[in-house]
Amino acid sequence: MSIGAHLVELRKRLMIAAAALVVGMVVAFIITDPVIDWITEPIRVISERRGDDFSALNFTNVTSAFDLRMRIAFSIGIFLSAPIWLWQIWAFIMPGLTRKEIRYTVGFVGAAVPLFFVGCWVGMLIVPHVIELMWGFTPEGGVNFYNAPDYYDFVFKLMIVIGVAFVLPVFLVALNVAGVMSGKAILKGWRVAIIVATVFAALATPAADVISMLMLAGILIVLFFAAAGISMLFDRRKSRRAAAAGLPGSTA
C-alpha cells in the first residue's frame with residue numbers, strides 16, 4: 001500500500017474507534033449514578049462515624065457535577081469500547097507482521113488485558129480502605145470536603161496504577177522474548193521484586209489491613225515468579241532449537 005492508502009486506512013480505523021468510544025460513553029453516562037454512589041460510599045461511612053455533615057463530596061462551580069459525570073463516562077466508555085478500538089489497532093498493524101510476531105502479539109495481549117482488568121478490580125476493593133485510612137489523619141475539629149474532580153482522579157489513578165502493576169510481568173516475558181533479558185536474569189532479581197511488591201502493597205492498602213496487604217503482595221510476587229518461569233521455559237526452548245540447528249553457543 002502507498003503512504004496515502006495507509007493514511008486513508010488509518011483514518012477509517014480511527015473513525016470506527018472514535019464512534020465506538022462515543023457509544024460507550026453514552027452507555028456509561030447512563031450508569032454514572034451507581035458509579036458515583038460507589039466511589040462516595042467511603043465518604044458516607046466517614047460522615048456516619050463522625051455523626052456530622054462535615055464530610056461530603058464538594059462541587060465548587062456550576063459545571064462541576066456535569067464535568068464529573070463526563071469524566072466517569074469517558075473512563076468507563078474506554079473500557080466498554082476496548083474490544084472494538086483494540087481490534088482496529090490490531091487490524092491496522094497486523095498486515096505488516098510476520099506469523100511469529102502475530103502469534104506473540106496475540107499471546108501478550110490475551111494475557112495483559114485480563115490481568116489489567118483483574119488489577120483494576122483489586123484496586124476497586126482497596127480504594128475505600130485507603131480513603132478511610134487517609135481520613136484518619138484529619139485533626140480534631142477538621143472537615144473533609146472532598147473536591148469532586150480531585151477525588152475522582154485519586155480513585156481512578158489508584159485503580160489504573162494497580163492494574164498496570166498486574167501487567168508488568170507480561171512485559172518481563174516480552175523482554176525475554178525480545179532477547180533483552182534471560183529468564184535467569186529475571187529470576188536473579190527476586191529479592192528486589194519481593195521488596196518492591198511488599199512496599200507497593202503497603203502503600204496501596206491501609207496500615208491496619210495486614211491481610212489485604214499480604215494478599216496484594218502475594219499476588220504480585222506470584223505473577224513475578226510466573227513470568228520468570230515462563231521466560232526460563234522460552235530460554236530452554238530457544239536453546240534446544242539452537243542445538244538442533246547446530247548453532248554455536250547453543251549449549252550456553
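This chain uses plain numbering: 1 for the first residue, then up along the sequence.
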Exercise for review: Show your reasoning for whether side chain to side chain contact (heavy atoms under 4.5 Å, CB included) applies to Phe200 and Ile162.
Suggested key: CA-CA 9 Å; Phe200 177 82; Ile162 297 178; 4.0 Å; yes

Any [X] side-chain heavy atom under 4.5 Å of [Y] side chain:
| X | Y | result |
| --- | --- | --- |
| Ile36 | Ile72 | yes |
| Phe225 | Leu187 | yes |
| Leu57 | Leu68 | yes |
| Arg71 | Asp153 | yes |
| Phe224 | Trp190 | yes |
| Leu21 | Trp85 | no |
| Asp150 | Phe154 | no |
| Tyr152 | Asn147 | no |

Linked, directly or transitively: [X] and [Y] (ILVMFWY side chains, under 4.5 Å):
| X | Y | value |
| --- | --- | --- |
| Val167 | Val118 | yes |
| Phe74 | Ile160 | yes |
| Met15 | Val22 | no |
| Val35 | Val45 | no |
| Phe171 | Val161 | yes |

State the [atom1]-[atom2] distance between [X] and [Y], to the nearest 0.5 angstrom.
| X | Y | atom1 | atom2 | value |
| --- | --- | --- | --- | --- |
| Met232 | Ile186 | CE | CD1 | 10.0 Å |
| Lys184 | Ser231 | NZ | OG | 13.0 Å |
| Leu7 | Leu14 | CG | CG | 10.5 Å |
| Gln88 | Glu9 | CD | CD | 8.5 Å |

Practice item. Given side chain to side chain contact (heavy atoms under 4.5 Å, CB included), test Ile39 with Phe156 step by step and report yes or no. Key: CA-CA 10 Å; Ile39 65 175; Phe156 181 73; over 6 Å; no

Point to revise | Phe117 ring center within less than 6.0 Å of Phe79 ring center | key: yes

Closest approach of [X] and [Y], non-hydrogen atoms and distance?
| X | Y | result |
| --- | --- | --- |
| Ala28 | Ala73 | CB-O, 3.6 Å |
| Tyr151 | Thr40 | OH-CA, 4.0 Å |
| Ala197 | Ile221 | CB-CG1, 3.8 Å |
| Met159 | Trp38 | SD-CH2, 4.2 Å |
| Ala20 | Ile84 | CB-CG2, 3.6 Å |

Review point. Is there a donor-acceptor contact under 3.5 Å linking the side chains of Asn61 and Ser64?
Key: yes

**Study point:** Asp37 and Arg44: CA distance, side-chain angles, deciding distance, side chain to side chain contact (heavy atoms under 4.5 Å, CB included) verdict
**Key:** CA-CA 9 Å; Asp37 287 341; Arg44 290 192 292 272; 4.2 Å; yes

**Study point:** Trp121 atom CH2, over 12 foreign heavy atoms within 6.0 Å
**Key:** no

Check your understanding: Quick check: are there more than 12 heavy atoms from other residues, nucleotides or ligands sitting under 6.0 Å from CZ of Arg236?
Key -> no

Practice item. Report the C-alpha distance between Leu115 and Leu223 in whole Å, list the side-chain angles of each, state the deciding distance to 0.1 Å, and finish with yes or no for side chain to side chain contact (heavy atoms under 4.5 Å, CB included). Key: CA-CA 10 Å; Leu115 283 174; Leu223 289 174; 4.0 Å; yes

Point to revise | For Leu80, the option from Val26, Val27, Val23 that meets side chain to side chain contact (heavy atoms under 4.5 Å, CB included) | key: Val27

Practice item. Measure from the side-chain N and O atoms of Thr198 to the backbone N and O of Ile194, and report whether any donor-acceptor pair falls under 3.5 Å. Key: yes

Check your understanding: Can you tell me if Asp235 uses its side chain to pair, donor with acceptor, with the backbone of Ser182 under 3.5 Å?
Key -> no

